[in-house]
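None of these values were measured; they are calculated from a predicted model.
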Amino acid sequence: MSFGGWLREGPAADTRSLVPVRLVLAGAVLADALARLTDARLFYSDDGALPRAVLVGAEPWRFDLYLLSGSAAFGAVLLLLTALAAVALWLGWRGRMAAAGAFVLLLSVQNRNPLVLDGSDGVLLGLLFWSCLLPLSSRWSVDAALASPGPARVRSWAVAGLLLTAATGLLAADEQRPWICMAAALLVLLPGAAWDRLAARLDRAGRIRIFHDAACSWCPGALRLLATFLVLPRSDVEPAQPWPRADKLMQANGSWVVIDAHDVAHLKWDALVALLRHSLVLRPLAPLLGLPLWQRPGDALHDVLHRQRERIGALAARLPRPVPAPAPRAALQALAGLMLVVQLAATALALGGLPAGLVPVLRPVQLLRLDAWSPPQSAPQAAATPIFAGKLANGAEVDVLRPGQALDWDVSAAGERRLALWQGRIADEANAAERTAYADYLCARWNAGAAPAARLVSFTMTWVQRGPRAERRVAGWQECPGAAP
């Protein structure tokens, strides 16, 4: 390829290298969404620590679906949609659309409360963005099994963007790094020959043939899916009727037929066990599922599916069809090249390699949080322990952050990571508005349903720094409205 062609199309990668990228990123997004779901009210609603009124206007360049509603239920629905997009991405069902949906939803939740983010959030978002521009579902996916396999190789500047994001993530000062995500992204450096050698080393069982009834409309797709997700490197799915031996076995037993590399035929449950023996990754399950105790219930399950073939076919016909995983088009190639230049500029700016006067020029890229994909300029400061000493209407002193526990100035910092980030960052005077909103939330949480004498009247917000330079810093005092008897 000429230099001009390479410049237009970018570096190449084997699409098999995109499979671990897709699986790991989808798993990380799913885990992230489910973890945030428990904090839907606290961090992503108007009833929580950061109402939209405090957030709006703080940054002019912000895309955030969570600003459409301030209810905790709405935030929970968006987080569940994020989880569903992650599952679709993991399965490779409409892979590019699933990746784009996951990116938009992840971008929105990160913009909703930036004070609970760390370096891992920015790296995950950046890797997901570049994945939207790549044919993630080309291999080992629903799209590849039911629509058509994508290209064996892909050329795109998104490959370079993926590597750049992983590399800058390694430079981040934040201790929370998505190591497995960055490692998966670096696998795009593996050439196709490495995957060929790995497949040859693992594939010792030979070719296997899977036969189905030609009258079954959904069987070919279901069996191709099964072969795909069992990782059968050499398998053929075809109707049994043209093959006398397979047809006779199918008609006599009312079963699908699997003929292995040794020309041994397998039926019903035993056919699934035979496929497992040929699987590159699930082969260890074959001895377990091949035990006699599974034979009868496995055959019974097969018979139920066989009797309900028409109903299953009618249901399958209503499902949205997968789409092929296309190679990057010219518009996506151009977008990838442009965004790579912008990210390089943002990275150089974060590392001090560009004049600060370029900051306004790059301001619009905050829409995609490109600045969050770059390594921070300085390491985070040592955390201090927040202790909020409150006074009740009956005169008792309480620990506002730890209801039910006695006020203890020697308590150690602990708790969920995002809550600890939030409590540590609102101590900064630049986040005074967020600190006041959190104080209002704590008042409302304590006094909801409390008896008049046990209502919280006021509290002092203090951060205690441990170590050689132990000190207490009072960052604010809060009076709870309507709490006095």
Applying side chain to side chain contact (heavy atoms under 4.5 Å, CB included), run through Asn431 and Trp422 and close with a yes or a no.
CA-CA 10 Å; Asn431 300 319; Trp422 169 263; over 6 Å; no
In Å and rounded to the nearest 0.5 Å, what is the CZ to CG distance from Phe129 to Leu124?
14.0 Å
Do Phe103 and Trp130 have their ring centres less than 6.0 Å from each other?
no
For residues Trp446 and Leu392, determine if any side-chain heavy atom of one lies less than 4.5 Å from a side-chain heavy atom of the other.
yes
Within the 4.5 Å heavy-atom criterion, are Met461 and Arg435 side-chain neighbours or not?
yes
Looking only at atom types and distance, does a side-chain atom of Arg455 sit under 3.5 Å from a main-chain N or O of Asn447, one as donor and one as acceptor?
yes
Could you tell me which non-hydrogen atom of Pro386 sits nearest to which non-hydrogen atom of Arg402, and how far apart they are?
O-NH2, 3.3 Å
In Å, rounded to the nearest 0.5 Å, how long is the span from CG of Asp121 to CG of Asp32?
6.0 Å
Identify the two heavy atoms, one from Trp409 and one from Ala389, that lie closest to each other, and give their separation to 0.1 Å.
CZ2-CB, 3.9 Å
Using side chain to side chain donor-acceptor pair (under 3.5 Å), reason through Trp195 and Ser17 one step at a time and then give a plain yes or no.
CA-CA 8 Å; Trp195 291 108; Ser17 300; 2.8 Å; yes
Min side-chain heavy-atom separation Val142-Phe229 under 4.5 Å
yes
Using side chain to side chain contact (heavy atoms under 4.5 Å, CB included), reason through Phe43 and Leu419 one step at a time and then give a plain yes or no.
CA-CA 9 Å; Phe43 290 138; Leu419 182 58; 4.0 Å; yes
CG on Leu275 to CG on Leu282, rounded to 0.5 Å:
11.0 Å
CA sep, side-chain torsions, deciding dist, call: Val123, Cys181, side chain to side chain contact (heavy atoms under 4.5 Å, CB included):
CA-CA 9 Å; Val123 174; Cys181 294; 5.7 Å; no
What are the two closest heavy atoms between Arg425 and Asp118, and how far apart are they?
NH2-CA, 4.4 Å
Starting at CZ of Arg52, measure out to CG of Asp64 and round the result to the nearest 0.5 Å.
10.0 Å
Is there a donor-acceptor pair under 3.5 Å between the side chain of Ser108 and the backbone N or O of Leu65?
yes
Between Ser45 and Phe74, does the side chain to side chain contact (heavy atoms under 4.5 Å, CB included) criterion hold? Intermediate values first, please.
CA-CA 8 Å; Ser45 78; Phe74 181 78; over 6 Å; no
Ignoring hydrogens and geometry, is there a side-chain-to-backbone donor-acceptor pair from Arg139 to Thr15 under 3.5 Å?
no
Interatomic distance, CG@Asp440 vs CG@Leu50, rounded to 0.5 Å, equals 12.0 Å
If you draw a 6.0 Å radius around CH2 in Trp294, do more than 12 non-hydrogen atoms from other residues or ligands fall strictly inside?
no
Under the 3.5 angstrom rule, does the side chain of Thr436 hit a backbone N or O of Ala432 as a donor-acceptor pair?
yes
So which atom in Arg473 and which in Asp428 form the shortest heavy-atom distance, rounded to 0.1 Å?
NH2-N, 4.2 Å
Using the ring of Trp140 (Phe, Tyr or Trp, six-membered ring only), decide whether Arg22 places NZ or CZ under 6.0 Å from its centre and within 45 degrees of its axis.
no
Taking atom CD of Gln308 as the centre, report whether more than 12 heavy atoms of other residues, nucleotides or ligands fall under 6.0 Å from it.
yes
Within the structure provided, determine whether Ile387 and Val400 are in side-chain contact (heavy-atom separation under 4.5 Å).
no
Is it the case that the side chain of Asp14 and the backbone of Arg153 share a donor-acceptor pair, with hydrogens and angles ignored and the cut-off at 3.5 Å?
no
Between Ala145 and Thr228 the two heavy atoms that sit nearest each other are CB-OG1, 3.3 Å
d(Leu18 CG, Ser131 OG) to nearest 0.5 Å is 8.0 Å
Quick one: are Leu136 and Leu89 in side-chain contact, heavy atoms under 4.5 Å?
yes
Parallel, tilted or perpendicular: which fits the ring planes of Phe388 and Trp463, with parallel below 30° and perpendicular above 60°?
perpendicular
Taking the side chain from Arg41 and the backbone from Gly48, do they hold a donor-acceptor pair closer than 3.5 Å?
no
Minimal heavy-atom distance between Ala88 and Ala98, with the atoms involved, is CB-CB, 3.9 Å
Are Asn111 and Tyr66 close enough that some pair of their side-chain heavy atoms sits under 4.5 Å apart?
no
Quick one: does Ile312's side chain get under 4.5 Å of Arg309's, heavy atoms only?
no
I'd like to know if the side chain of Asp143 reaches the main chain of Arg94, judged simply by a donor and an acceptor atom lying under 3.5 Å from each other, with no hydrogens or angles considered.
yes
Between Tyr44 and Leu78, is there a side-chain heavy-atom distance shorter than 4.5 Å?
no
Side-chain donor/acceptor of Arg283 to backbone N/O of Ser279, under 3.5 Å
yes
Would you say the side-chain atoms of Trp93 and Ser141 include a donor-acceptor pair closer than 3.5 Å?
no
